[in-house]
Asks: 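Starting off with a structure, shown below.
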2 protein chains.
Amino acid sequence: MIELRHLKYFAAVAREQNIGRAALALNISQPPLTRQIQQLEEEIGAPLFIRSVKGVELTAAGQALYADATAILSLTDLAIERARRAAHGQLGRLDVGIFGTGVFDVVPRVLLKFRNAFPDVEIAMHTMTKEQQVEALRQRRITIGFNRLVSKYPDVKSRVVMWERLVVGVPRSNPLAERDAISIADLAGQPLVLFPSTGHPNFSDFVAHQCREHGFIPQVVQEVGDAVTGVALVASGFGVCIIPESATHFKASGVVYVRLKESPPTMLDVSCLYLRDDPSPILREFLRILEAFRAENGVTGDA
Amino acid sequence: MIELRHLKYFAAVAREQNIGRAALALNISQPPLTRQIQQLEEEIGAPLFIRSVKGVELTAAGQALYADATAILSLTDLAIERARRAAHGQLGRLDVGIFGTGVFDVVPRVLLKFRNAFPDVEIAMHTMTKEQQVEALRQRRITIGFNRLVSKYPDVKSRVVMWERLVVGVPRSNPLAERDAISIADLAGQPLVLFPSTGHPNFSDFVAHQCREHGFIPQVVQEVGDAVTGVALVASGFGVCIIPESATHFKASGVVYVRLKESPPTMLDVSCLYLRDDPSPILREFLRILEAFRAENGVTGDA
DNA sequence: CGTAAGTCATACTTGTCCGGTATGGCGCGG
DNA sequence: CCGCGCCATACCGGACAAGTATGACTTACG
């Protein structure tokens with residue numbers, strides 16, 4: 001059976017045009033090298049070298065094989081190196097489940113940090129709901145997911161990436177738009193646009209809960225799928241909306257964002273979800289980056 | 001050191017997801033296979049499989065390596081096969097030196113026959129003079145050359161591919177154009193266009209010699225580089241020319257080709273030149289095709 | 001719950017074969 | 001003609017691949 005050893009020896013002899021010199025270069029003695037070449041020729045079924053007084057010279061078959069042998073040898077080195085890098089999470093693919101307002105700030109910042117550290121890892125983002133993310137994690141279709149207000153699952157761990165304050169989106173025509181800061185209680189009686197309408201517990205439930213905590217029943221005029229639609233409705237004068245601060249990266253004409261002055265401020269999480277027993281080295285490296293991100297941004301605790 | 005054996009075993013285990021079954025497929029027992037996999041993992045420096053109760057599963061590093069391993073293994077099989085084919089002259093490149101009138105008939109017929117037999121051999125044609133062909137043969141820039149009237153060289157062998165009769169190219173206005181056949185003696189006093197002017201002995205010398213043998217000194221009006229130019233001059237009324245029969249594949253308006261009626265006819269060779277001690281299997285195969293060509297066309301003898 | 005059946009890992013033996021040393025054969029050049 | 005390069009052959013020792021036997025462990029099932 002032909003082994004890489006044969007090809008390696010063959011390539012050395014072909015380069016040196018001389019078996020003795022090749023043996024020296026390979027740090028073996030000449031007779032075993034001669035034998036290996038003979039074996040290779042036996043396997044091929046044809047001479048690969050023409051033996052002369054000066055040394056050896058490639059035959060047509062030898063020339064053909066030399067081209068392929070060098071390719072095989074370098075491909076093998078490459079394969080080993082790539083396997084090693086894959087083992088250390090420096091190569092491969094990170095499938096990420098993302099969600100609506102996450103794309104405005106936190107998610108890109110974290111992923112960018114990861115991309116800079118591991119440029120050879122391909123990052124694929126898939127927009128999906130919380131339930132879809134958990135299911136996709138279980139089916140290994142994604143390695144991590146980003147979301148808010150994550151329930152407990154036995155097989156899924158979560159880690160808070162960022163705590164965010166809330167702001168209120170108000171139409172410019174609304175008197176509240178003139179204020180520097182308002183409290184949640186000021187929203188009593190204001191028509192409220194909520195999102196998303198799917199997947200509980202969700203941000204919509206969270207906002208409704210905050211309102212009740214501050215003593216009023218929210219007057220929901222519209223419930224929509226995502227933040228962008230919500231803000232658009234606010235711009236059209238449907239009412240006001242409460243959004244996480246990072247979503248203010250999305251500007252809409254006619255909408256003013258006013259901060260909430262609760263103290264201590266009501267905080268909302270962006271968390272990262274991953275499978276509890278996923279051994280993937282890429283995940284391990286990602287979590288290291290995530291912890292660094294938390295440290296840089298002074299994030300503590302978990303949801 | 002990693003060997004192809006490791007990759008082959010690894011690929012089998014990866015395919016079967018089960019060491020025992022893979023061992024069965026490889027016709028070895030299970031323990032050695034386990035050990036080879038362990039060795040490979042040792043070399044890579046990371047586990048390639050996650051062992052479970054049901055069998056084994058590829059890690060990220062294993063997945064990366066599997067893709068490369070299959071590529072390496074198939075490339076190796078391919079390389080062996082190609083080396084074998086190269087040994088039998090079924091793969092590679094045939095560089096051919098050709099000459100002016102040869103391209104009209106004999107050379108393409110022989111090369112086409114060779115191409116049909118060995119479609120994977122690339123054929124490259126290079127137009128060159130006789131001296132250039134001999135020099136190119138010695139420098140291995142061409143494997144065979146085609147030419148006429150080849151002198152003897154100690155290191156170059158030649159073999160006649162085809163014997164050709166001569167015909168006379170006559171302007172339609174010339175009275176000789178009315179004749180069915182003429183003899184060389186009839187050309188006495190006719191202005192003669194000769195070619196080529198370079199590389200002796202050449203066709204030009206040959207024709208002049210034939211004229212003298214038939215009792216007249218040729219009246220050379222023009223000596224040009226190639227047959228096409230010569231026939232063009234004949235069409236313009238410069239005179240008549242003598243060309244090998246195969247060159248009549250080149251039609252020029254205003255030129256009539258009249259056969260020579262000498263008996264026995266004067267014959268001119270197209271020969272194939274090759275290096276006496278060239279061991280190339282492609283040359284060997286080409287010469288076999290050449291002999292078949294000679295047999296088909298009843299060609300005997302040599303120049 | 002204990003046994004049977006499946007998995008992979010380990011221990012030990014056997015034989016192959018790689019690599020080393022010593023030597024031979026051969027052509028070339030001083 | 002002898003010495004110096006080559007490559008090839010002969011032989012030995014040791015490493016290691018493969019085989020047999022067995023163990024450790026988990027699941028499935030009566």
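Naming convention: chains lettered A, B, ... in sequence-line order (proteins, then strands); numbering from 1 in each chain.
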Asks: Between the main-chain N or O of A/Ile19 and the side-chain N or O of A/Arg21, is there a donor-acceptor pair closer than 3.5 Å?
Replies: no
Asks: Can B/Arg294 and B/Glu291 be counted as an ion pair, charged N to O under 4.0 angstrom?
Replies: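 Between B/Glu291 and B/Arg294 there is a salt bridge, with a charged N closer than 4.0 Å to a carboxylate O.
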Asks: Could you check if a side-chain atom of B/Lys8 sits within less than 4.5 angstrom of a side-chain atom of B/Leu73, using non-hydrogen atoms only?
Replies: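 They are in contact (side-chain heavy atoms under 4.5 Å apart), so the answer is yes.
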Asks: Would you please say whether a donor-acceptor pair under 3.5 Å links the side chains of B/Gln30 and B/Thr34?
Replies: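 There is such a pair between these side chains.
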Asks: CE of A/Met1 versus C1' of C/dC18: gap in Å, rounded?
Replies: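 Roughly 17 Å, once rounded to whole Å.
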Asks: Does a salt bridge link A/Arg93 with A/Asp95, judged by any charged N lying under 4.0 Å from a carboxylate O?
Replies: yes
Asks: What integer distance in Å separates A/Leu4:CG from C/dC18:P?
Replies: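 Nearest whole value for this atom pair: 14 Å.
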Asks: Which part of the nucleic acid does A/Tyr9 contact within heavy-atom distance under 4.0 Å: base, sugar-phosphate only, or nothing?
Replies: sugar-phosphate
Asks: Heavy atom of residues 11-42 of chain B under 4.0 Å from DNA chain C: which residues?
Replies: B/Asn18, B/Ile19, B/Gly20, B/Gln30, B/Pro31, B/Thr34, B/Gln38
Asks: Nearest whole Å is fine: how far is C/dC26 P from A/Ile50 CD1?
Replies: 20 Å
Asks: Whole-Å distance between C/dC17 P and A/His6 NE2?
Replies: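 Between P of C/dC17 and NE2 of A/His6: 10 Å.
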Asks: If you measure only the distance, is there a donor-acceptor pair under 3.5 Å linking the side chains of B/Arg109 and B/Asn297?
Replies: yes
Asks: Angle between ring planes, B/Phe10 versus B/Tyr66, binned at 30° and 60°: parallel, tilted or perpendicular?
Replies: perpendicular
Asks: Give me the ring orientation class for B/Phe118 and B/Phe114: parallel if the planes are under 30° apart, tilted from 30 to 60°, perpendicular past 60°.
Replies: tilted
Asks: To the nearest Å, give me how far apart CZ (B/Arg51) and C1' (C/dG6) are.
Replies: 17 Å
Asks: Quick check on contacts: within residues 56-65 of chain A, what sits under 4.0 Å from DNA chain C by heavy-atom distance?
Replies: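 Within residues 56-65 of chain A, no residue comes under 4.0 Å of DNA chain C.
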